[in-house]
Undergrad: 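Dropping a structure here in structure tokens format, bear with me for questions.
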Protein chains: 2
Amino acid sequence: MGVSLKDVALRAGVSIKTVSNVVNDYPHVTPAMRARVQQAIDELGYRPNLTARHLRKGRTGIIALAVPELGNPYFAELAGAVIDAAARHDYTVLLDHTAGLREKEMLVSQGFRAHVIDGLILSPIELETEDLLGRTDTAPLVLLGEREYDAPYDHIAIDNVAAARSAVRHLVGMGRRRIAFLGARRESARQPAHLRLQGWREELAAAGLPYGDELVAPTGGYGRADGAQAMADLLDRGAAPDAVFAYNDLQAIGAMRVLSERGLRVPEDVAVVGFDDIEESRYGSITLTTVSPDKQAIARQAVDCVVQRLAGSPGAEPRRVRPGHDLVVRESTLGRHR
Amino acid sequence: MGVSLKDVALRAGVSIKTVSNVVNDYPHVTPAMRARVQQAIDELGYRPNLTARHLRKGRTGIIALAVPELGNPYFAELAGAVIDAAARHDYTVLLDHTAGLREKEMLVSQGFRAHVIDGLILSPIELETEDLLGRTDTAPLVLLGEREYDAPYDHIAIDNVAAARSAVRHLVGMGRRRIAFLGARRESARQPAHLRLQGWREELAAAGLPYGDELVAPTGGYGRADGAQAMADLLDRGAAPDAVFAYNDLQAIGAMRVLSERGLRVPEDVAVVGFDDIEESRYGSITLTTVSPDKQAIARQAVDCVVQRLAGSPGAEPRRVRPGHDLVVRESTLGRHR
DNA sequence: CTGAAAGCGCTAACAA
DNA sequence: TTGTTAGCGCTTTCAG
């Protein structure tokens with residue numbers, strides 16, 4: 001095995017504790033002693049065994065982040081932000097992906113990494129409230145995203161209804177009358193797109209515009225292909241929308257592709273709004289108008305929640321945090337300026 | 001703290017060892033004993049403390065993957081594949097990002113996670129051979145990507161020269177004569193784009209076409225914005241290419257955006273080829289022709305290398321693995337069929 | 001087949 | 001200011 005504190009102590013002719021003091025930058029060590037120990041450390045190439053430290057302290061300094069799919073740029077960007085936020089608190093992030101499967105989400109939330117991670121940030125899709133209520137693992141859990149749970153855990157999500165309404169309001173303001181919603185979940189007991197769908201409906205109702213089922217396009221998943229498929233379905237059944245509000249940017253991008261294949265112009269014939277503001281939406285031959293959640297804030301607050309529960313108030317009231325969001329208006333609703 | 005083996009043993013009225021045997025599925029345990037212990041485990045909600053196990057065994061079951069940037073879909077997709085590949089060997093993946101900074105890459109390769117991770121898969125950008133030669137950490141290290149090092153570590157990368165040549169050959173075959181290279185690195189001692197640039201040059205030379213510096217567009221980074229900037233520079237200085245081969249898909253996408261802003265049609269006026277085959281390249285109003293490295297194979301082989309060194313042959317010869325690649329031809333060179 | 005005891009490397013009391 | 005000692009929870013000899 002590697003060199004341990006003991007080896008260094010032996011070499012330097014001091015006690016283990018003294019070496020430990022040096023390694024941990026304890027204040028009360030004479031410079032001479034520090035130098036001597038440091039030399040032994042360097043000569044032996046000593047590196048502290050963090051596993052042993054973790055065992056002793058009961059903490060690992062690792063937070064897990066579980067997202068559905070790293071291939072979705074929204075989650076990739078979010079993960080990057082979480083890694084950075086955690087690093088500022090000297091925490092390391094272990095990344096899991098659940099593929100949005102209830103089974104994997106349960107596994108993760110139930111603590112199959114118990115004792116390896118100090119806390120967990122989970123962005124669930126199919127998880128149910130009852131799954132959460134049966135949780136026995138004691139590591140702090142922070143929930144992310146649109147789904148609402150009646151369970152005692154911190155929850156961080158933007159105001160999805162308000163965000164959706166602002167997107168639809170923008171479309172109405174641009175003179176659109178038949179505004180479709182793309183991305184309701186097909187064949188799912190619960191409806192993960194619930195809040196955005198609700199916002200869409202509320203705003204259309206307020207504007208006196210139609211919001212019937214003929215304007216709702218369900219999808220099987222959350223990717224570009226799913227958005228493309230749903231858009232094709234919508235057109236095929238003659239819904240003839242003059243605008244589409246999609247559950248997320250990937251679906252919006254898939255939809256735009258189909259529109260262009262069918263010879264429909266964006267935004268002249270059909271305006272499109274997405275949700276997430278992934279970097280991809282700022283490129284492409286038509287840039288995408290989209291709801292932009294404050295990813296930095298989401299990441300920061302999620303990590304803060306974990307850190308606070310770990311440090312001070314484990315039994316405090318569950319917090320409900322609402323980071324900000326913006327509507328970023330681009331060519332897919334505004335048209336292109338030359 | 002939580003319940004430990006001792007608590008379970010006490011409850012079941014057996015020794016610690018017996019409980020351990022049950023937990024670890026030891027063969028020689030009587031069914032009756034097993035049942036009794038299992039009941040105590042369930043009643044107490046016991047979960048093994050992996051940290052302690054790790055300390056004892058000297059292994060953690062964690063592999064680190066360090067990539068430059070999770071926001072680049074290529075790395076996000078690759079990370080997903082690595083996580084899956086690792087899971088098949090019962091390994092967990094800890095994700096780091098280096099931002100492509102030499103300093104962070106050194107930190108990671110030097111083992112600042114020593115004893116927490118069993119092995120490391122690193123995709124370096126700025127790291128130098130000498131940094132690698134000075135490495136003292138003993139965890140297996142596997143290198144990924146285009147950079148070549150004269151250091152005794154496993155290295156996994158597709159044949160970048162051949163891949164680049166196939167891309168350029170395709171452009172030549174489509175009748176293009178002034179084929180620019182986009183993405184040489186500006187202000188960098190070494191040239192990370194070296195091999196792809198070399199492939200571009202070789203193929204053009206073989207075809208008797210120009211490959212001078214006027215056709216090379218340097219970039220400051222690896223993102224869409226960098227590609228856009230470089231494309232704009234190229235056009236502004238009157239290089240007038242009829243095709244562009246970009247270092248990666250993101251740069252190609254940024255370039256296409258600029259072409260479209262300037263009123264140039266893809267591929268009629270300028271054909272574009274990328275590198276990586278990220279999912280985004282299959283969407284957009286013009287899909288992107290690109291070199292597709294076999295990400296699944298890269299991930300699998302990287303994990304295999306780590307696992308093998310961990311298991312059997314730590315001192316074996318460094319391996320040089322070349323996963324496959326394909327040229328995927330799409331609209332950005334072929335044009336659009338209706 | 002099961003029990004007792006040692007020790008992985010570290011930190012935190014407590015002593016000196 | 002530095003040394004001694006007792007575990008953190010687990011696996012692993014070695015006996016029984």
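Note on naming: letters A, B, ... go to the chains in the order of the sequence lines (proteins, then strands), and numbering restarts at 1 for each one.
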Undergrad: Taking the minimum atom-to-atom distance to the side chain of Asn49(B), which one of dG9(D), dC10(C), dT4(D) wins?
TA: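 Comparing dG9(D), dC10(C), dT4(D) against the side chain of Asn49(B), the answer is dG9(D).
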
Undergrad: Closer than 4.0 Å, any side-chain N/O of Thr18(B) to the OP1 or OP2 of dT2(C)?
TA: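 No, outside the criterion.
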
Undergrad: Does any residue of residues 6-13 of chain B have a heavy atom under 4.0 Å from DNA chain C, and if so, which ones, in number order?
TA: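 Contacting residues: none.
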
Undergrad: Specify the angle, to 10°, made by the local axes at the two ends of the helix from dC1(C)-dG16(D) to dA16(C)-dT1(D) when five pairs are taken at each end.
TA: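 Its terminal axes enclose an angle near 40°.
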
Undergrad: Who passes salt bridge (Lys or Arg N to Asp or Glu O under 4.0 Å) against Asp90(A), sequence neighbours left out?
TA: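 With neighbours one apart ignored, the set is empty.
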
Undergrad: Can you list the residues that meet the salt bridge (Lys or Arg N to Asp or Glu O under 4.0 Å) rule with Glu103(B), with sequence neighbours excluded?
TA: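 Not a single residue meets the salt bridge (Lys or Arg N to Asp or Glu O under 4.0 Å) criterion with Glu103(B).
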
Undergrad: Measure the distance from NE2 on His28(B) to P on dG3(C) and round it to the nearest whole Å.
TA: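 Between P of dG3(C) and NE2 of His28(B): 16 Å.
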
Undergrad: Where along nucleotides 11-16 of chain D does protein come under 4.0 Å, by heavy atom, of base (B) or sugar-phosphate alone (S), with - for untouched nucleotides?
TA: BB----

Undergrad: Compile the donor-acceptor pairs under 3.5 Å between side chains in residues 64-87 of chain B and protein atoms, sequence neighbours left out, one pair per line.
TA:
unit_1: Asn72(B); atom_1: OD1; unit_2: Tyr74(B); atom_2: N; d: 2.9
unit_1: Glu77(B); atom_1: OE1; unit_2: Lys295(B); atom_2: NZ; d: 3.4
unit_1: Glu77(B); atom_1: OE2; unit_2: Glu279(B); atom_2: N; d: 3.0
unit_1: Asp84(B); atom_1: OD1; unit_2: His97(A); atom_2: NE2; d: 3.1

Undergrad: Specify the separation, in whole Å, of atom CG of Leu50(B) and atom P of dC10(D).
TA: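 It works out to 9 Å between those atoms.
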
Undergrad: For Arg36(A) and dT1(D), what is the distance between atoms CZ and C1' respectively, to the nearest whole Å?
TA: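 Going from Arg36(A) (CZ) to dT1(D) (C1'), I get 13 Å.
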
Undergrad: Just jot down the side-chain hydrogen bond (donor to acceptor under 3.5 Å, both in side chains) partners of Gln39(A), sequence neighbours excluded, or say none.
TA: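 Here the qualifying residues are Glu43(A).
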
Undergrad: Can you pull the side chain to side chain donor-acceptor pair (under 3.5 Å) pairs that have at least one residue in residues 12-21 of chain B, sequence neighbours excluded?
TA: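 Listed once each, the pairs are Ser15(B)-Thr18(B), Lys17(B)-Asn21(B), Ser20(B)-Asn24(B).
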
Undergrad: Name all residues meeting the salt bridge (Lys or Arg N to Asp or Glu O under 4.0 Å) criterion together with Asp276(B); count only those two or more places apart in sequence or in a different chain, and write none if there are none.
TA: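 Counting only residues at least two positions away or on another chain, Asp276(B) forms no salt bridge (Lys or Arg N to Asp or Glu O under 4.0 Å).
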
Undergrad: Can you sort out the partners of Asp304(B) under side-chain contact (heavy atoms from CB on, under 4.5 Å), two or more places apart, ordered by chain and number?
TA: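 Partners of Asp304(B) under the side-chain contact (heavy atoms from CB on, under 4.5 Å) test: His89(B), Arg300(B), Gln308(B).
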
Undergrad: To the closest 0.5 Å, what do you measure between CG (Leu120(A)) and CG (Leu143(A))?
TA: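 Atom-to-atom, Leu120(A):CG and Leu143(A):CG are 8.5 Å apart.
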
Undergrad: Between Ser4(B) and dG9(D), does any side-chain N or O lie under 4.0 Å from OP1 or OP2?
TA: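 No, outside the criterion.
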
Undergrad: Once you round it to whole Å, what is the distance between C1' of dG7(C) and NE2 of His54(B)?
TA: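 His54(B) atom NE2 is separated from dG7(C) atom C1' by 18 Å.
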
Undergrad: Would you mind telling me which residue lines up with the more 5' stretch of DNA chain C, Ala52(B) or Ser15(B), judged by nearest nucleotide?
TA: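 Nearest-nucleotide comparison on DNA chain C picks Ser15(B).
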
Undergrad: Check this one for me: any side-chain N or O of Thr30(A) less than 4.0 Å away from OP1 or OP2 of dT2(D)?
TA: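 The answer is yes; a side-chain N or O of Thr30(A) sits under 4.0 Å from OP1 or OP2.
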
Undergrad: Among residues at least two apart in sequence or on other chains, which ones pass side-chain contact (heavy atoms from CB on, under 4.5 Å) with Ile156(A)?
TA: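 With neighbours one apart ignored, the set is Val142(A), Leu144(A), Ile298(A), Gln301(A), Ala302(A), Cys305(A), Val321(A), Pro323(A).
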
Undergrad: Which residues pass the salt bridge (Lys or Arg N to Asp or Glu O under 4.0 Å) test with Arg102(B), not counting sequence neighbours?
TA: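 Only Glu130(B), Asp131(B) meet the salt bridge (Lys or Arg N to Asp or Glu O under 4.0 Å) criterion with Arg102(B).
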
Undergrad: Over how many whole Å does the gap from His115(A) atom NE2 to dC10(D) atom P extend?
TA: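 Taking NE2 of His115(A) and P of dC10(D), I get 7 Å after rounding.
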
Undergrad: How long is the line joining CG of Leu55(A) and C1' of dA12(C), in whole Å?
TA: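 Spelled out: CG on Leu55(A) to C1' on dA12(C) is 14 Å.
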
Undergrad: Between Arg34(A) and Asp25(A), does at least one N-O distance fall below 4.0 Å, as a salt bridge requires?
TA: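 Counted as a salt bridge, because a side-chain N and a carboxylate O are separated by less than 4.0 Å.
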
